[in-house]
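Data first, discussion second: the structure below is written as structure tokens.
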Amino acid sequence: MNHAQLRSTGSYLPERVMENAELEALVDTSDAWIRERTGIARRHIAAPEQTCADLAEQAALSAMAAAGLGPNDIDMLVVATSTPNQVFPSTACGLIERLNLRSGVIAFDVAAACSGFVYALDIANRFIQTGGAGRALVIGAEVFSRILDWSDRSTCVLFGDGAGAVIIESASEPGILSTHLHADGRQESLLNVPWGVSQGYEALEGGRGKVSMRGNEVFRVAVRTLGALVDETLAANNLKRGDVDWLVPHQANIRIMTATARQLGLPLERMVSTVENHGNTSAASIPLALDHAVRDGRIQRGELLLLEAFGAGFTWGSALIRY
Ligand code: UT7
């Protein structure tokens, strides 16, 4: 079996920043409540004409530039998103022409909500391990602002738009050490966008096309599940608490993130947190956070990174990476 290594990272955030104060004018909330309960101070919001593919394209270009790679160097493109440009073709297929990739590359989207990036990374890793691809561009991109009910304070304060990307490639030494994916649909109704092409498509009015969440119940499942997930990841690699250099978590809520860091035995300065400035960008949040910490010099080559996510489905997953 081949190994896959993390070659580069990239990201993109839309220009417009929405501060908590702006939300105070839309719903009955306060900057203090949002900061205290979630850690969020602001989020980026895509311009009306910006699509998921627009954000993904910029993140991809940023990862390709960081690696010094051109369009002919990519064999595979996976986009994790819950807010794609259209039903089909996939957002990934649409990016082939935009990025000028070779005709014949492998390209598809992955839907696993906030865990989508970890799912996409796991899949691309397996393609590289088995020789199906030599180099893969893995993107998480979301325009969640389009599926928010801006009159629902329990959800609209939480999310933002953005995209992050990584390039992984075949290597002689292992970089992606293990991946762990899970799902259980039994509590689907706690967090969903309850419509689709074959269900309620014709009745999009009345808020049915928007995110619906019983946050407090999701919170409790998330903390418990992520605690077990990091234990599973450490055990699979014969590691103990404190052995990981960086936690790069899905950025849903600072309180969930710190509980996971505690479970890992890590001081908070070893947890990459972008939730304050980005909010929850769903499948984009991990690659966005990773790219920020790589570019500002915190994450160094050779360090051990634990990526983890929990999201609608429920889905959850982790990846342990020697960067
Ligand atoms: O990314 C995918 C997975 N998603 C998550 O992991 C999100 C998990 N959930 C959470 O992050 C948290 O549950 C929330 C941030 C959504 C909510 O925080 P909480 O501490 O669980 O609050 P709560 O839902 O228990 O609500 C506490 C109070 C309620 O008022 P009462 O009943 O105590 O009077 C809510 O109505 O806060 C109220 N509330 C708000 N107040 C001001 C709910 N939303 C708001 C708001 N502003 N935006």
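When a ligand or atom number is given, it counts from 1 through the structure's own listing order. In this text, all values refer to a predicted model and were calculated from it rather than measured experimentally.
Hydrophobic clustering, with ILVMFWY side chains joined whenever heavy atoms are under 4.5 angstrom apart, groups Leu121 together with Leu6.
With respect to Glu303 and Arg270, a salt bridge is recorded, a charged nitrogen being found less than 4.0 Å from a carboxylate O. A salt bridge links Arg102 and Asp75; the closest N-O separation between the charged side-chain nitrogens and carboxylate oxygens is under 4.0 Å.
For Arg255, the heavy-atom gap to ligand 1 drops under 4.0 angstrom. Contact annotation: Arg214 has no heavy atom less than 4.0 Å from any atom of ligand 1.
Here is the list of ligand 1 atoms found below 4.0 Å of a heavy atom in Thr38: 15 (C). Per-residue contacts place Val157 under 4.0 angstrom from the following atoms of ligand 1 (heavy atoms of the residue considered): 48 (N). Every atom of ligand 1 with a heavy atom of Ile256 under 4.0 Å away is listed here by number and element: 6 (O), 8 (C). Listed by number with element, the atoms of ligand 1 under 4.0 angstrom from any heavy atom of Asn253 are 10 (C), 11 (O), 12 (C), 15 (C). For ligand 1, the atoms sitting less than 4.0 Å from at least one non-hydrogen atom of Ala252 are 1 (O), 5 (C), 6 (O), numbered in the order shown with element in parentheses.
Under the 4.0 Å distance rule, the nearest protein heavy atom to atom 37 (O) of ligand 1 falls inside the cut-off. Checking atom 29 (C) of ligand 1 against the protein gives no heavy-atom contact under 4.0 Å. Per-atom contact check: atom 34 (O) of ligand 1 does not touch the protein, criterion being a heavy-atom distance below 4.0 Å. Checking atom 11 (O) of ligand 1 against the protein gives a heavy-atom contact under 4.0 Å. For atom 44 (N) of ligand 1, a protein heavy-atom neighbour is present inside the 4.0 Å cut-off.
Going from atom CZ of Phe159 over to atom CD1 of Ile40 covers 8.5 Å, rounded to the nearest 0.5 Å.
Between the side chain of Arg7 and the backbone N or O of Ile167, no donor-acceptor pair lies under 3.5 Å. Between the side chain of Asp161 and the main chain of Ile45, no donor-acceptor pair closer than 3.5 Å is present. With Gln251 contributing its side chain and Thr281 its backbone, the two residues share no donor-acceptor pair below 3.5 Å.
Atom CZ of Arg186 has 12 or fewer neighbouring heavy atoms from other residues, nucleotides or ligands inside a 6.0 Å radius.
Considering Met213, Arg37, Met257 only, the shortest heavy-atom separation from atom 20 (O) of ligand 1 involves Arg37.
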